[in-house]
Student: 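Here it is: the structure, laid out below.
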Amino acid sequence: MSKSIRVLGIETSCDETAAAVVEDGRHIYTNAIASQIAIHQPYSGIVPELASRAHVENVQLVVESAVKGMNGRDTAPFPKTLPVDVIAVTVGPGLMGSLLVGKTVAEMLAWVYQKPLVGVNHLEGHLFSVLPASHDLNPPFLALIVSGGHTELVHVKNFGDYDVLGRTRDDAAGEAFDKVAKMLGLGYPGGPVIDQLAAKGNPAAIQFPRPFLSDGWDFSFSGLKTSVLYYLRDNPNATSSKKKVADVCASFQAAVVEVLVNKTLAAAAKLDLKHIVLGGGVAANSALRSAFAHHGKKYKIHTSSLLLCTDNAVMIAVAGYYKFLKGGRKKFSPESLEVDSTLSFQSWK
Ligand code: KG4
Ligand code: ZN
């Protein structure tokens, strides 16, 4: 039997400082996350400068706790030998200052412990996040990645071989959730709050538009967001009771879910793909998950646990493992990684 490979994943692209150790892309040893939600909440959105500062403050503790969990030790600082074979770190997309914190720490650890280092695309991380729960999943399959910054429909022909079918032309799905929550004074991040409130509302109360762009597989959520804004402006009583707020949330959410589900299923049918992966923070949405589950007879839907939908380092370790196997550097190299704040879904070279 070949030797198993343990990967230390590090993720600092946005507002979560995370580190995790995963063996062979499936066995999760540790999963440490320091959330910055409390820091950004007063601003109803992420403040990049505060995000990078908080990463700098938290990253050592987070990486230490992921690594210490491996040894079952809870007092010693970094061990003399690092009990992992590979280090993987997010190199984009994300906030430049935040990405640089993870990259610097990963390069420093790789250099000190002489480990191979793999740069991972954050969007691919969301794609690979389902693998610990779906060991048997093999390409080809369709993936819908829906996060705060991205909405991407991807034909995964092989691990590392992608055909991006469509993406958002304006707001990402999660961004629309966050902006609508802000309009309703519900705080940040908006997705989880809208999800909870929507459960108590009527999804048919208000007919918000369903932006199905007919020319291809792209998405657009900014018009839907604006129609919520106009609805609130034209109906001053729209938020006069908890029930009415819940109705706005449920009706908005129903529009987003219908577009995401219908487009994804249409693409799966067209390409004759039976497996669909759902990843990214919005994949935690209960209405989206149950709408997809409803089609579970025809398609096998792969989602991760709620904790692995939103940003984490398990997904970076898993993606890093597959990338390492496919041709990553097998030994330590002093060459530094390139970070790219606008990195898009790209096939491995
Ligand atoms: O993947 P993620 O953690 O970070 C990015 O890569 O952007 O996604 C964060 C996004 C936020 O917009 C948040 O509001 C949304 O995911 N989100 C949700 C839910 N949980 C998180 N959106 C809808 N329903 C949820 N339950
Ligand atoms: Zn993300």
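Counting convention: from 1, in listed order, for ligands and their atoms alike. We're numbering straight along the sequence, starting at 1. As a basis for the values below, the full set of heavy atoms in this structure was taken, side chains included, without hydrogen atoms, waters or symmetry mates.
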Student: Name the closest protein heavy atom to atom 2 (P) of ligand 1, giving the residue it belongs to and the distance to 0.1 Å.
Tutor: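 Ranked first by proximity to atom 2 (P) of ligand 1 is Asp311 OD1, 3.3 Å.
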
Student: What protein heavy atom sits nearest atom 6 (O) of ligand 1, and how far away is it?
Tutor: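 The closest one turns out to be His122 NE2, 3.1 Å.
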
Student: Of the side chain and backbone of Asn285, name the one, both, or neither that has a heavy atom under 4.0 Å from an atom of ligand 1.
Tutor: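 Within the 4.0 Å criterion, Asn285 contacts ligand 1 through backbone and side-chain atoms alike.
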
Student: Counting no waters, what protein N/O/S atoms lie under 2.8 Å from the Zn ion (ligand 2)?
Tutor: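 Counting only protein N, O or S atoms under 2.8 Å from the Zn ion (ligand 2), the list reads His122 NE2, His126 NE2, Asp311 OD1.
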
Student: In ligand 1, which numbered atoms sit nearer than 4.0 Å to a non-hydrogen atom of Thr310?
Tutor: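 Contacts of ligand 1 toward Thr310, numbered from 1: 3 (O), 21 (C).
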
Student: Test of understanding: with side chain to side chain donor-acceptor pair (under 3.5 Å), list the residues that count as partners of Asp195, not counting sequence neighbours.
Tutor: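 Testing Asp195 for side chain to side chain donor-acceptor pair (under 3.5 Å), a comparison that skips the adjacent residues, returns Ser286.
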
Student: Please state which protein non-hydrogen atom is closest to atom 21 (C) of ligand 1 and give its distance, to 0.1 Å?
Tutor: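 Its nearest protein heavy-atom neighbour is Gly281 O, 3.4 Å.
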
Student: Side chains of Ser13 and Glu11: any donor to acceptor distance under 3.5 Å?
Tutor: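 On atom types as modelled, these side chains qualify, holding a pair under 3.5 Å.
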
Student: N/O of Gly280 under 3.5 Å from N/O of ligand 1, yes or no?
Tutor: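 For ligand 1, there is no N or O atom that lies under 3.5 Å from one belonging to Gly280.
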
Student: Atom 26 (N) of ligand 1: which protein heavy atom is closest, and how many Å away?
Tutor: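 Of the protein heavy atoms, Asp195 OD2, 2.9 Å lies nearest.
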
Student: Below 4.0 Å, non-hydrogen atoms only: which portion of His150 touches ligand 1? Side chain, backbone, both or neither.
Tutor: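 His150 to ligand 1: no contact under 4.0 Å from either part.
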
Student: Does the side chain of Trp217 pick up a donor-acceptor pair with the side chain of Glu152 at under 3.5 Å?
Tutor: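 Result is no, nothing qualifies.
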
Student: Numbering the atoms of ligand 1 from 1, which are under 4.0 Å from a heavy atom of Gly149?
Tutor: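 Result: 7 (O).
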
Student: Are the aromatic ring centres of Tyr43 and Tyr188 under 6.0 angstrom apart?
Tutor: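 No, too far apart.
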
Student: Between Lys182 and Asp178, does at least one N-O distance fall below 4.0 Å, as a salt bridge requires?
Tutor: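 Salt bridge: no.
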
Student: Looking only at the aromatic ring of each residue, does the gap between the centers of Phe208 and Phe252 stay below 6.0 angstrom?
Tutor: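 When the ring centroids of Phe252 and Phe208 are compared, they turn out to be at least 6.0 Å apart.
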
Student: Quick one about His55 and Asp15 (side-chain donor to acceptor, distance below 3.5 Å, no hydrogens or angles considered), yes or no?
Tutor: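 Note: Asp15 and His55 side chains miss the donor-acceptor criterion.
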
Student: Just grab all the ring pair (Phe, Tyr, Trp, His ring centres under 6.0 Å) pairs involving residues 265-292, residues at least two apart or on different chains.
Tutor: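 Of all non-adjacent pairs touching residues 265-292, those that pass ring pair (Phe, Tyr, Trp, His ring centres under 6.0 Å) are His275-His302.
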
Student: Look only at interatomic distance and state if His126 has a nitrogen or oxygen under 3.5 Å from any nitrogen or oxygen of ligand 1.
Tutor: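 Yes, at least one N or O pair falls under 3.5 Å.
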
Student: A quick test of your reading: do over 12 heavy atoms of other residues, nucleotides or ligands sit less than 6.0 Å from CD of Gln114?
Tutor: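 Count over threshold, so yes.
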
Student: Among protein heavy atoms, which lies nearest atom 18 (C) of ligand 1, and at what distance?
Tutor: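 Atom 18 (C) of ligand 1 sits closest to the protein heavy atom Gly191 CA, 3.5 Å.
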
Student: With a 6.0 Å cut-off (strictly less than), is the heavy-atom count around NZ of Lys242, excluding the residue itself, greater than 12?
Tutor: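 Not buried by this count: 12 neighbours or fewer within 6.0 Å.
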
Student: With respect to atom 9 (C) of ligand 1, which of Ala198, Gly148, Gly45, Ala181 exhibits the smallest heavy-atom separation?
Tutor: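 Closest candidate by heavy-atom distance is Gly148.
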
Student: Could I get the full list of side chain to side chain donor-acceptor pair (under 3.5 Å) partners for Lys298, not counting sequence neighbours?
Tutor: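 Partners of Lys298 under the side chain to side chain donor-acceptor pair (under 3.5 Å) test: none.
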
Student: Can a salt bridge be assigned to the pair Lys3 and Asp85 using a cut-off of 4.0 Å between side-chain N and carboxylate O?
Tutor: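 Salt bridge present between Lys3 and Asp85.
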
Student: Compute the minimum heavy-atom distance from Cys14 to ligand 1 and say whether it is under 4.0 Å.
Tutor: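 For ligand 1, residue contact (heavy atoms, under 4.0 Å) with Cys14 is absent.
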
Student: Which residue supplies the protein heavy atom nearest to atom 14 (O) of ligand 1, what is that atom called, and how far is it?
Tutor: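 Nearest neighbour among protein heavy atoms for atom 14 (O) of ligand 1, to 0.1 Å: Asp178 OD1, 2.7 Å.
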
Student: Heavy-atom count check: over 12 atoms from other residues, nucleotides or ligands less than 6.0 Å from Lys243 NZ?
Tutor: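 Atom NZ in Lys243 is packed in, count exceeds 12.
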
Student: Do any N/O atoms on Gly174 end up under 3.5 angstrom from N/O atoms on ligand 1?
Tutor: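 Yes: some nitrogen or oxygen of Gly174 is under 3.5 Å from one in ligand 1.
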
